[in-house]
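Below you'll find the structure, written out as structure tokens, and then a few comments.
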Amino acid sequence: MHNSPLLLTNLVNFLARTFAVDRYPAHEQGGVHHPSNRPVQRLGLAVEPFPDLANWIADNQLDALWLHRPWKLDLATLPPDMGVVYNHLPFDEHLTMGYNRPLASLLGATGTPEPLGFKQATHDTGEPLPQRAIGMILDAEPQPVDDWLGQLETHFGGYDRFEAGRQTTAGRIAVVGAMNDTLVREAAERGAGLYLTGQYRPSAQTAVDETGIAILALGHHRTEVWGVCALADLLREEWPGVEFVTRASCPL
């Protein structure tokens with residue numbers, strides 16, 4: 001927890017630790033998109049730029065922005081001393097469907113989640129980086145699958161698709177930022193009764209049918225919005241004297 005003023009460098013360093021960006025190639029780590037030395041008392045967080053962004057900044061008297069996808073940001077529409085920080089893939093894998101500790105806590109995990117699925121990237125120089133988990137399996141108090149569905153629909157503000165499979169109760173849950181035959185089968189073999197992901201992939205249908213695992217695809221954008229809200233909560237814990245403003249209302 002910090003009581004000192006928040007500077008862009010402090011924010012970038014905190015996010016680098018939180019998202020373990022050293023496991024990603026330099027071009028995927030994120031960081032400063034537009035520099036600024038301005039102390040941050042009010043930070044805005046959004047998935048991506050939107051048409052009314054300039055007014056939102058002015059109305060909320062923001063000092064800086066964090067964006068998940070800054071690619072279409074028109075810097076000319078921002079105050080010249082407005083700092084902008086971003087994280088794309090590391091954010092996805094840590095705060096949407098992946099090895100997401102805040103989500104594990106929300107689901108009532110009774111212990112440390114187990115990694116599910118690994119990815120190993122390389123440095124931009126070609127040297128291998130440490131492996132990173134792209135998903136997790138957690139144990140929680142067993143509940144009817146329909147109850148999990150209702151809770152998750154509330155937390156995420158809806159869902160895209162639900163396949164009940166042959167499961168009636170689940171106490172072991174997989175959360176994975178991908179859906180393919182191999183990952184679905186591994187989750188089922190390791191005892192998961194419910195598989196959470198962002199987008200439903202028909203290419204994994206045979207594995208779904210044969211394992212009988214329940215699948216809940218929460219929707220790519222919904223998981224991003226949830227992640228932005230979770231990030232705001234993490235930042236509030238670290239800098240209680242700073243105000244963190246999210247673009248959308250948070251269903252947490």
Side-chain angles (χ1 to χ4, degrees), residues 1-2 6 8 10-12 14-21 30-31 33 40-53 55-57 59-71 73 83-109 113 134-136 138 140 148-160 173 175-177 196-199 216-252:
M1 182 182 296
H2 300 278
L6 172 59
L8 233 56
N10 307 135
L11 178 60
V12 169
F14 173 79
L15 294 172
R17 295 191 302 272
T18 300
F19 296 146
V21 301
H33 186 69
V40 180
Q41 291 298 325
R42 296 173 65 85
L43 177 75
L45 299 95
V47 172
E48 59 192 350
F50 50 93
D52 202 33
L53 177 60
N55 288 334
W56 183 66
I57 290 171
D59 291 344
N60 288 283
Q61 300 179 327
L62 302 179
D63 300 305
L65 288 175
W66 177 90
L67 296 173
H68 175 40
R69 289 191 295 271
W71 327 126
L73 178 63
V84 182
V85 172
Y86 79 101
N87 300 95
H88 187 239
L89 186 59
F91 167 82
D92 276 331
E93 293 184 351
H94 286 83
L95 285 181
T96 67
M97 296 289 99
Y99 198 92
N100 184 336
R101 290 182 181 273
L103 179 56
S105 178
L106 180 71
L107 296 175
I134 63 169
M136 64 181 179
L138 61 94
W148 284 119
L149 174 63
Q151 292 176 34
L152 288 158
E153 182 179 12
T154 298
H155 291 314
F156 284 85
Y159 63 91
D160 281 2
I173 300 171
V175 181
V176 197
L196 306 181
T197 192
Q199 292 181 287
L216 178 57
L218 290 157
H220 182 69
H221 182 69
R222 286 191 194 90
T223 63
E224 291 176 329
V225 171
W226 190 96
V228 169
C229 295
L231 176 57
D233 285 341
L234 292 175
L235 294 172
R236 289 185 188 106
E237 292 177 7
E238 193 72 9
W239 285 281
V242 177
E243 186 161 355
F244 299 96
V245 183
T246 57
R247 159 75 166 102
S249 59
C250 294
L252 291 174

Tell me, do [X] and [Y] make a side-chain contact under 4.5 Å, heavy atoms counted?
| X | Y | value |
| --- | --- | --- |
| W71 | E48 | no |
| L67 | P49 | yes |
| V245 | R42 | yes |
| L73 | L53 | yes |

Which heavy atom of [X] sits nearest a heavy atom of [Y], and at what distance?
| X | Y | value |
| --- | --- | --- |
| T246 | A232 | CG2-CB, 3.8 Å |
| W56 | G44 | CH2-CA, 3.7 Å |
| T197 | M97 | C-CG, 3.6 Å |
| V40 | A64 | CG2-CB, 3.8 Å |
| L196 | L107 | CD1-CD1, 4.1 Å |
| F19 | P90 | CB-CB, 3.6 Å |

Could you name each residue pair satisfying salt bridge (charged side-chain N to carboxylate O under 4.0 Å, His left out) that touches residues 220-229, not counting sequence neighbours?
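Residue pairs with at least one partner in residues 220-229: R69-E224, D160-R222.
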Can you sort out the partners of [X] under ring-ring contact (aromatic ring centres under 6.0 Å, His included), two or more places apart, ordered by chain and number?
| X | value |
| --- | --- |
| F244 | none |
| Y159 | none |
| F91 | W66, H68 |

Just to verify, what does D92 make a salt bridge (Lys or Arg N to Asp or Glu O under 4.0 Å) with, not counting sequence neighbours?
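Expected list: none.
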E153: salt bridge (Lys or Arg N to Asp or Glu O under 4.0 Å) partners, not counting sequence neighbours
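Not a single residue meets the salt bridge (Lys or Arg N to Asp or Glu O under 4.0 Å) criterion with E153.
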Of the options T18, L95, N87, which is the one that meets L231 in a side-chain contact (heavy atoms from CB on, under 4.5 Å)?
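With L231 as partner, T18, L95, N87 yield a single side-chain contact (heavy atoms from CB on, under 4.5 Å), made by L95.
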Can any side-chain N or O of Y99 pair as donor or acceptor with the backbone N or O of P113 at less than 3.5 Å?
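Between the backbone of P113 and the side chain of Y99 there is a qualifying donor-acceptor contact (under 3.5 Å).
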Let me see the working for M136 and N100 under side-chain contact (heavy atoms from CB on, under 4.5 Å), right down to the final yes or no.
CA-CA 8 Å; M136 64 181 179; N100 184 336; 4.1 Å; yes
Roughly how far, to the nearest 0.5 Å, is CG of L138 from OG of S105?
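Here the interatomic distance stands at 10.5 Å.
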With rounding to the nearest 0.5 Å, note down the distance linking NE2 in H94 to CG in L15.
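Going from NE2 on H94 over to CG on L15, the span is 11.5 Å.
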Stepwise side-chain contact (heavy atoms from CB on, under 4.5 Å) test for L43 and D63:
CA-CA 6 Å; L43 177 75; D63 300 305; over 6 Å; no
Please verify the inter-ring angle class for F14 with W239; under 30° counts as parallel, over 60° as perpendicular, anything in between as tilted.
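Perpendicular, since the angle between the ring planes exceeds 60°.
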L103 vs V175, side-chain contact (heavy atoms from CB on, under 4.5 Å): CA-CA, chis, key distance, verdict:
CA-CA 9 Å; L103 179 56; V175 181; 3.9 Å; yes
Apply side-chain contact (heavy atoms from CB on, under 4.5 Å) to residues L218 and W226 and explain how you reach the verdict.
CA-CA 10 Å; L218 290 157; W226 190 96; over 6 Å; no
